[in-house]
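Reviewing the structure listed below.
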Amino acid sequence: MYQLRLSGSGGQGVITAAIIFAEAAVSAGFNAVQSQSYGPEARGGASKAEVIISENPIFHPHVTTPDILLSLTQKAADKYYHDLNPNGIMIIDSDLVPNPPEFQKIISLPITNLAVEKVGKSLFTNIVALGVLVKVSNFLDFDAVKNALISRVPPATVEQNIAALNLGFGSV
């Protein structure tokens, strides 16, 4: 079983990224569940999405000990790292998490800045982060995630989303 938690604030797209990761896992023949929670604000409130992937049936749909935690804000990093697997990996946006929690393995990248500078909009932050997750987890085939992405995003944005996915994958 593999457990992921993606966290940030509303509007950063962590829920969409989690859905794409889960859909790619299902297309690759795994069982997957995806859950989410967010604050009452449409934008700016706390946001969390979780994915569990397993070859076996999944009986409890909530992450208990994430293997990977993605945090796109300082508040999310502080709030969600406590139950991270001690051998797990924390991925943070280095610009938005200036004071990372004490943890053994942290991958720090300017995820939002990469989306803005290389893809043109912060809107693609979640897909850059998804590319990082695919590379770091080494769990799913890149093409499975790319295909799930293509089926999920608006047709007019496919090219930019693929560029963002490639950018994240190649930045680790």
Checklist outcome for this item: In short, S27 meets A24 closest at the heavy-atom pair OG-O, 2.8 Å

Checklist entry - Can you name the closest pair of heavy atoms from S47 and S9 and give their distance? => result CB-C, 3.7 Å

Is there a chain of hydrophobic side chains (I, L, V, M, F, W, Y, each step under 4.5 Å between heavy atoms) that links [X] to [Y]?
{"X": "L109", "Y": "V116", "value": "no"}
{"X": "I106", "Y": "V132", "value": "no"}
{"X": "F21", "Y": "V26", "value": "no"}
{"X": "I91", "Y": "L114", "value": "yes"}
{"X": "I92", "Y": "I107", "value": "no"}

Checklist entry - Taking it one step at a time, do L4 and L70 satisfy side chain to side chain contact (heavy atoms under 4.5 Å, CB included)? => result CA-CA 8 Å; L4 299 156; L70 167 71; over 6 Å; no

Checklist entry - Between D67 (side chain) and G88 (backbone), is there a donor-acceptor pair under 3.5 Å? => result no

Checklist entry - Are the side chain of E50 and the backbone of Q36 linked by a donor-acceptor contact shorter than 3.5 Å? => result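 The answer is no, because no donor-acceptor pair under 3.5 Å joins these two groups.
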
Checklist entry - Who else is in the cluster with I52 when I, L, V, M, F, W and Y are joined by side-chain contacts under 4.5 Å? => result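 M1, V33, I58, V63, listed by chain and number.
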
Any side-chain heavy-atom pair from [X] and [Y] closer than 4.5 angstrom?
{"X": "L84", "Y": "T65", "answer": "no"}
{"X": "S94", "Y": "P110", "answer": "yes"}
{"X": "V145", "Y": "L130", "answer": "yes"}
{"X": "V14", "Y": "K48", "answer": "no"}
{"X": "Y2", "Y": "I68", "answer": "yes"}

Taking only residues at least two apart or on different chains, which pairs with a member in [range] satisfy side chain to side chain donor-acceptor pair (under 3.5 Å)?
{"range": "residues 70-83", "value": "R5-D83, S7-S71, Q74-D78"}
{"range": "residues 122-151", "value": "none"}
{"range": "residues 158-171", "value": "T157-N161"}

Next on the checklist: Taking side chain to side chain contact (heavy atoms under 4.5 Å, CB included) as the definition, give me every residue that meets it alongside A25, ordered by chain and number, with sequence neighbours left out.
Outcome noted: F30, A32, I53, L140

Checklist entry - Passes side chain to side chain contact (heavy atoms under 4.5 Å, CB included), I20 versus I127? Steps please. => result CA-CA 9 Å; I20 293 168; I127 305 303; 4.0 Å; yes

Next on the checklist: As a test of understanding, state which of N113, L167, V128 forms a side-chain contact (heavy atoms from CB on, under 4.5 Å) with K118.
Outcome noted: L167

Checklist entry - Between T16 and V153, is a side chain to side chain contact (heavy atoms under 4.5 Å, CB included) present by the stated rule, with each step listed? => result CA-CA 9 Å; T16 300; V153 300; 5.7 Å; no

Item to check | With sequence neighbours excluded, residues passing ring pair (Phe, Tyr, Trp, His ring centres under 6.0 Å) with F142 | outcome: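 F142 satisfies ring pair (Phe, Tyr, Trp, His ring centres under 6.0 Å) with F169 only.
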
Next on the checklist: With side chain to side chain contact (heavy atoms under 4.5 Å, CB included) as the criterion, how do L72 and L6 come out once you've worked through the C-alpha distance, each side chain's angles and the decisive distance to 0.1 Å?
Outcome noted: CA-CA 8 Å; L72 296 179; L6 292 70; over 6 Å; no

Checklist entry - Run the side chain to side chain donor-acceptor pair (under 3.5 Å) check on T112 and D93 step by step: do they pass? => result CA-CA 7 Å; T112 303; D93 186 315; 2.6 Å; yes

